[in-house]
Amino acid sequence: MNKRFIGVFGTVLVLTGFGYLIWGGLGGSLVYFVTPTELLARGEAAYETPVRLAGNVVPGSVNWNARELDLRFHLSDGETDIEVWSKGAPPAMFQDTMGVVVEGRYNRAGIFESSSVMVRHSNEYKAPPEGHRPADTYEALIREE
Amino acid sequence: MQELKALSEERAPKWLIGLTAIAFMAVAGAQVFGFITSPAAEQYQHSQKIMYVHVPAAWNAFLAFIVVFWASLVYLWKRSEGADLLAESAAEVGAVFTGLTLLLGSIWGKWAWGVWWTWDPRLTSTAVLFIIFVGYLALRSFTEDPERRATWSAGVGIFGALNVPIVYMSVRWWRTLHQVQSSPETMSAEYVTALRVNGIAFLLLLVAVLGWRYRAARIQRRAEALHEEAILEGRQVHV
């Protein structure tokens with residue numbers, strides 16, 4: 001094989017690979033996360049498969065045991081609600097109504113066992129009003145226990 | 001040999017030295033917002049301030065790759081050495097700013113999201129952009145013939161720069177952990193000002209480092225040419 005052939009072949013291979021990643025893979029089958037409704041719509045396939053699930057923390061559902069580092073809360077997309085259990089401290093901005101992405105698997109008991117809780121925040125950045133100290137949600141969360 | 005020595009001792013143009021001084025002062029001065037005047041944001045607290053360097057670093061990377069795109073097209077069209085050297089300079093500067101964007105974003109992500117990294121489309125496409133331009137620089141260093149190097153790298157440069165709109169739009173096209181772009185409507189006015197001042201300071205820095213890198217590329221290219229000439233004439237070459 002001559003060098004030119006290898007060069008052309010390599011270029012075509014790389015371009016095809018990127019084309020697939022960009023238009024085929026990332027756009028379609030490799031969805032970053034699913035919503036609770038989409039997960040449950042999978043039926044039998046929803047269970048015991050690694051998946052990323054996203055929604056908002058249902059207000060009042062957060063149950064954080066600081067001594068056991070045990071976090072339980074409900075996650076909702078507005079339609080469907082799934083209970084999530086996780087070990088370890090949540091990120092600082094984790095709170096009621098906040099968007100979150102959890103990694104883990106949905107078990108037969110109908111609980112999503114998460115190994116990682118990530119905060120999915122909005123694009124809004126607000127300065128605190130005059131004389132107001134921003135609430136330290138993380139510390140507040142630990143104090144409440 | 002004499003010529004090479006003169007080349008290496010050639011003074012940089014005054015405008016470049018002046019611009020560099022201004023750029024460094026502007027970037028340092030703009031940090032007054034982050035460290036002193038800007039109040040901690042609701043929810044984000046002080047982590048929001050990383051925006052003042054993370055976002056301008058990303059803008060600079062995008063601008064640098066747009067320069068690569070344009071210079072590569074000009075090279076393929078006119079075959080001018082200057083366009084090739086400008087593309088090389090902008091590719092290197094762009095790769096550095098992309099790396100900086102990833103690094104600063106990672107630090108912010110650890111605080112705000114809870115993770116240093118996740119394979120969402122925005123982060124993944126940015127990593128792909130970074131790797132393509134690291135590959136571009138590797139390709140250049142492995143190709144000796146200047147014309148072949150310029151042609152090949154122009155191809156890779158154009159292809160790589162096509163990823164810029166993909167990275168930019170990724171947060172709108174696909175589901176990501178990364179939030180969509182902020183606008184003056186979604187940010188407090190004082191944060192918008194701080195970000196804009198940092199953006200301008202970073203832009204000055206971009207032009208300055210691009211200027212130095214282009215100058216270095218020109219000197220290197222001339223040294224290469226002298227070296228080649230010497231070999232063709234059968235002279236002894238000391239490198």
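Only heavy atoms go into these numbers, but all of them, side chains included; no hydrogens, no water, no symmetry mates. Order of the sequence lines sets the chain letters (A, B, ...), proteins ahead of strands, with each chain counted from 1. These numbers were taken from a predicted model, which means no experiment stands behind them.
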Do any of residues 53-80 of chain B come closer than 4.5 Å to chain A, heavy atom to heavy atom, and if so which ones, in number order?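 Heavy-atom contacts from residues 53-80 of chain B to chain A are absent.
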
Listed by residue number, which members of residues 175-193 of chain B have a heavy atom under 4.5 Å from any heavy atom of chain A?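 Those residues of residues 175-193 of chain B which have a heavy atom under 4.5 Å from chain A are B/R175, B/T176, B/L177, B/Q179, B/V180, B/Q181, B/S182, B/E185, B/T186, B/M187, B/S188, B/E190, B/Y191.
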
Structural part of A/V100 lying under 4.5 Å from a heavy atom of chain B: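 Contact with chain B involves no heavy atom of A/V100 at all.
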
For the residue pair B/W119 / B/T124, report whether a side-chain donor-acceptor contact shorter than 3.5 Å exists.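 No donor-acceptor contact under 3.5 Å links the two side chains.
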
Residue among B/S170, B/A112, B/P39 with most heavy-atom pairs under 4.5 Å to chain A: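 It is B/A112.
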
Hey, which of A/R52, A/H121, A/R120, A/M118 has the most heavy atom pairs under 4.5 Å with chain B?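 That would be A/H121.
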
Is there a donor-acceptor contact under 3.5 Å from the side chain of [X] to the main chain of [Y]?
X: B/N163; Y: B/G160; result: yes
X: B/S106; Y: B/W116; result: yes
X: A/E79; Y: A/D77; result: no

Between the side chains of A/R108 and A/E113, is the shortest nitrogen-to-carboxylate-oxygen separation below 4.0 Å, so that they form an ion pair?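 So A/E113 does not pair with A/R108 through a salt bridge.
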
So does B/R140 pair up with B/E92, basic N to acidic O under 4.0 Å?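 Salt bridge: no.
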
Examine whether an atom of B/W113 lies under 4.5 Å from a heavy atom of chain A, and if so say whether it belongs to the side chain, the backbone or both; otherwise answer neither.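 The answer is both parts of B/W113.
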
Measure the CG-CG distance between B/L162 and B/L129 for me, rounded to the nearest 0.5 Å.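 Output value for this atom pair is 10.5 Å.
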
Of all heavy-atom pairs between B/E224 and B/R149, which one has the smallest distance, and what is that distance?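 Of all heavy-atom pairs spanning B/E224 and B/R149, the closest is OE1-NH2, 3.0 Å.
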
Any side-chain heavy atom of B/L100 within less than 4.5 Å of one from B/F97?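 A side-chain contact exists here, since the closest heavy-atom pair is under 4.5 Å.
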
Close side-chain approach of A/T49 to A/R105, heavy-atom, < 4.5 Å: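 Not in contact.
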
Parallel, tilted or perpendicular: rings of A/Y106 and A/Y47 (30°, 60°):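 The arrangement is parallel - the two ring planes meet at less than 30°.
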
